[in-house]
2 protein chains.
Amino acid sequence: MSGATTRAHIVDAADQLFYQHGYEHTSFAAIADAVQLSRGNFYYHFKSKDDILDAVISARLARTKHMLEQWEAEEVDPACRVRKFVHILLTNRVDIQSYGCPVGTLTTELAKLRHASFAEANGLFTLFRAWLRDQFVLLGHDAAADSLAMHLLAFSQGVATLANAFLDEEFVRREVQQMCDWLSAQTATAERGVHGRHEQTSA
Amino acid sequence: MSGATTRAHIVDAADQLFYQHGYEHTSFAAIADAVQLSRGNFYYHFKSKDDILDAVISARLARTKHMLEQWEAEEVDPACRVRKFVHILLTNRVDIQSYGCPVGTLTTELAKLRHASFAEANGLFTLFRAWLRDQFVLLGHDAAADSLAMHLLAFSQGVATLANAFLDEEFVRREVQQMCDWLSAQTATAERGVHGRHEQTSA
DNA sequence: GTCTATAATATGATAGAC
DNA sequence: GTCTATCATATTATAGAC
């Protein structure tokens, strides 16, 4: 097997295991088992476990960037794009109920470990935050765009955490519905703001 | 030192360390260091690390129960009580920014570990959930009370996770303010419901 | 009730053969 | 590029002295 391919396989397996069992709880042995490789051989591809983590984060960043670009390509209406974000809670519901949000749970774990890669992992949040902000700017919420983006991120994290804790599908559907309703109201407000009166400042 | 006292000290230290660094990342050595005791002596008080976890969860459950009773004693108005819950995000803001929510982060970690004590840890969420539900019932939201309780829990988890990720005090204050405003609107709705028309069903 | 060994295991990481 | 040892360390847990 070529070096690049093996490396990609390792990153893939580590990505899944870090998500499912957490970074610290995932041992080299577990990754080796998943890719059917000897432990020793790992160090040909990565110099340490932290190195694998960095590779996993890079892969997630690239994948997320690509997904957000896809969303922009698929939907021209920024309101629809934002709804697409809200709906990942349903799209990934089963995994979220089992393992929580891959972004939130990794960030939380690395924060507790005071891990050097905390900032890189947080870059995943920043990617979503900036993308959502852009959509809200397009919707006319200039000053409040970033606050709205953070509000949506908080919503998704809260729902993911409780979905994982209570394994309650109805709860997830209800919250997604409520958020979509709220978004429609916000969009209507922005429209009025654009056409009629000045946009309110954030906070 | 008496057995009961030493045991309480161990639980205290473990409680803090589990919160600050996570359950798995906290070693016996770290707890021993904190309470100035030899590793070996631990097994006189607890038969395993999981046993300490159970003791920590029990302590947290008792402490939380007591706190909720205090809140009920201090405020007669259920709306004020609910606001008290929302305001823990400000009361514990510094710790939350550093380590996240003690309930949410433990539950998330134990879920990933598929740990036997996951259900017990989740009891902390259930405690808040039931208490909040009771307050909303008192406010006249009979059918929607549990949904509202879950909504508030999700809110607090989302804000805590992002506060931990972005260390943004203004974000926390803004979200707390928004939630309090939303609660006032909900309370007003319930009042109208009680005096004028039938309460809406959940969902 | 607390201590000092010490066992048993698992981990991240290295060396060197093929 | 992959393997089989092997190391050093850290972990949970036990045994037995005081």
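Sequence lines set the chain letters: A, B, ... in the order given, protein chains first and strands last, and positions in each chain run from 1.
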Q.
Pick the closest DNA chain C nucleotide for A:Thr26 and for B:Gly40 by heavy atoms, then say which residue is nearer the 5' end.
A. B:Gly40

Q: Take atom CZ of B:Phe28 and atom C1' of D:dA10, then tell me their distance rounded to the nearest Å.
A: 14 Å

(Q) I'd like to know if the side chain of B:His115 pairs up with that of B:Asp50 as donor and acceptor (distance under 3.5 Å, no hydrogens or angles considered). (A) yes

Q. What is the ring orientation for A:Phe85 with A:Phe128, classed by angle as parallel under 30°, tilted 30 to 60°, or perpendicular over 60°?
A. tilted

Q: Calculate the interatomic distance between A:Tyr43 atom OH and C:dA13 atom P; express it in whole Å.
A: 4 Å

Q) Can you tell me how far P of C:dG12 sits from NE2 of B:His25, to the nearest Å? A) 13 Å

Q. Which whole-number value in Å describes the distance from A:Arg39 CZ to D:dT6 P?
A. 14 Å

Q: Report the distance from atom CG of A:Leu53 to atom C1' of C:dT11, rounded to the nearest whole Å.
A: 17 Å

Q: Determine the contact category for A:Ser38: base if any of its heavy atoms lies under 4.0 Å from a base atom, sugar-phosphate if only primed atoms, P, OP1 or OP2 are that close, otherwise nothing.
A: base

**Q.** Residue closer to the 5' end of DNA chain C, A:Lys47 versus A:Ala29 (nearest nucleotide)
**A.** A:Ala29

Q. So, is B:Thr6 near the phosphate of C:dT2, with a side-chain N or O under 4.0 Å from OP1 or OP2?
A. yes

Q: Kindly point out which of C:dT2, D:dG1, D:dT12 is positioned nearest to the side chain of A:Tyr44?
A: D:dG1

Q. How about B:Glu72 and B:Trp131: do any of their side-chain heavy atoms sit closer than 4.5 Å?
A. yes

Q) Under 3.5 Å, is there a donor-acceptor pair linking the side chains of B:Gln16 and B:Asp12? A) no

**Q.** Value in whole Å for how far the C1' atom of C:dG12 lies from CG of A:Asp50
**A.** 10 Å

**Q.** Interatomic distance, B:Asn41 CG vs D:dA15 C1' [rounded to whole Å]
**A.** 14 Å

**Q.** Min side-chain heavy-atom separation B:Asp15-B:Arg60 under 4.5 Å
**A.** yes

Q) OP1 or OP2 of D:dA10 sitting under 4.0 Å from any side-chain N/O of B:Ser27? A) no

Q. Between D:dA13 atom P and B:His45 atom NE2, what is the distance in whole Å?
A. 16 Å

